[in-house]
Amino acid sequence: MRILGIETSCDETAAAVVDDGRFVVSSVVSSQVDLHARFGGVVPEIASRAHVELVGPVVADALGEAGVDLSGVDAVAACHGPGLAGALLVGVSAAKALALVADVPYVGVNHLEAHLYAAWLEEPELLPPLAVLIASGGHTLVVIVEDHGRYRVVGQTLDDAAGEAFDKVARFLGLGYPGGPAIDRLAREGSPDAIAFPRSMAGEPDFSFSGLKTAVVGHVRKHPESTTADVAASFQAAVVDQLVAKLVSAADAADAPALVLGGGVAANSALRARVEEVAAATGRRAFVPPAALCTDNAAMIAATAWWRLGSDGPTPLDSGVDPGLALPSTA
Ligand code: KG4
Ligand code: ZN
């Protein structure tokens, strides 16, 4: 079964063609980063307008790269939440229109569930139970995947998402937007041990990053002599330590033999390396999808749609978008 997926929940307009939920035939991502950079973050109204302009050409590119036209597609899926309301509406409306034209089912996909499914695109044989960390610009959660469609959310952030902390600290350090990749790059020139920033374990199993952000601001004001590279590397190390410690605790408690990463922050080189290290040291397997599947993309939407179409059937065409959609605990 060949599914066309569309993703427009934030500032990436993406479309992909995926076969049987596992084989990526084409995947096109058009980033709006340049449009939002001068505002220091995503401007929702600009994002919606850009999605309207880009969604048609991006879908055409994805179909073209796959060498199919709409008549070769068996279902059309779009992310219907969580995300920015206006941005989500563009992808969902486009998907419904295409599904109507092609006379195939429409499938609305949960963005967080899609970040989980990115791992299966790389490793089709991945066997649950899995301990998964999803860390993005809007969310940070640890999920035990008991089986396809059966999740237990064991920890979430109490304040900022991990990606939001990267973006805010990068802005404070004058590194621009998006902050995660900028800190990741600069951190390679600094020492992760230069400054002992706090690792909040207080809310275990939940996450907290606001104290760390305040500590970075306080340190820089008090020690202007610290290099920005050392601050970036030490901040990044503190985030990675907290993320990995709570992922491993959850895996221990659930007796999960595999650690999995998803979401934009999973593109972080230090986090990827630490998860591989910790998995090896604790006799587990690590599944770290390529960075392009960690950040927002439509291949993960099409893959998830295949599984959900099989379990739940098509989504009604009169269903809407849900900007606050959560990942339900279903296990
Ligand atoms: O999953 P994603 O592409 O979009 C959302 O669903 O939010 O995640 C975007 C977030 C941003 O906060 C960005 O700064 C962060 O992921 N990010 C990174 C890296 N690449 C993207 N954070 C740390 N290191 C990176 N290399
Ligand atoms: Zn995302």
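Every number for a ligand or one of its atoms is a count from 1 in the order of the listing.
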Nearest neighbour in protein (non-hydrogen) for [atom]:
| atom | result |
| --- | --- |
| atom 17 (N) of ligand 1 | G264 O, 3.5 Å |
| atom 26 (N) of ligand 1 | D184 OD2, 2.9 Å |
| atom 10 (C) of ligand 1 | G137 N, 3.4 Å |
| atom 12 (O) of ligand 1 | D167 OD2, 2.7 Å |

With a sphere of 6.0 Å drawn around [atom1] of [X], does it hold more than 12 non-hydrogen atoms of other residues, nucleotides or ligands?
| X | atom1 | result |
| --- | --- | --- |
| R199 | CZ | yes |
| D103 | CG | no |
| E225 | CD | yes |

Got a sec: is H139 within less than 2.8 Å of the Zn ion (ligand 2) via an N/O/S atom? no
Quick one, L293 and M300 - any side-chain contact, counting heavy atoms below 4.5 Å? no
Any non-hydrogen side-chain atom of Y106 less than 4.5 Å from a side-chain atom of V76? no
Of the listed options (G180, A187, C294, P178), which comes nearest to atom 25 (C) of ligand 1 when hydrogens are ignored and any heavy atom counts? G180
Do [X] and [Y] get their side chains close enough for a donor-acceptor pair, meaning under 3.5 Å?
| X | Y | answer |
| --- | --- | --- |
| H111 | E7 | yes |
| E12 | T295 | no |
| S208 | D159 | yes |

Just distances here: any N/O of D296 and N/O of ligand 1 closer than 3.5 Å? yes
Are any of the N or O atoms of N268 closer than 3.5 Å to those of ligand 1? yes
Does ligand 1 have an atom under 4.0 Å from some heavy atom of C10? no
Does the gap between the ring centers of F166 and F235 come in under 6.0 Å? yes
With no hydrogens and no angle check, is any side-chain donor or acceptor of D11 less than 3.5 Å from a backbone partner on S31? no
Is there a donor-acceptor pair under 3.5 Å between the side chain of S226 and the backbone N or O of V231? no
Can you name the atoms of ligand 1, numbered from 1 with element, that are less than 4.0 Å from a heavy atom of [X]?
| X | value |
| --- | --- |
| H111 | 6 (O) |
| T295 | 3 (O) |
| A267 | 20 (N), 26 (N) |
| G163 | 12 (O) |
| G138 | 7 (O) |
| H115 | 1 (O), 6 (O) |

Check each heavy atom of H139 against ligand 1 and say whether those closer than 4.0 Å belong to the side chain, the backbone, both or neither. neither
Of all N/O/S atoms in D296, the name of the one nearest the Zn ion (ligand 2): OD1
For the Zn ion (ligand 2), which N, O or S atom of H115 is at the shortest distance? NE2
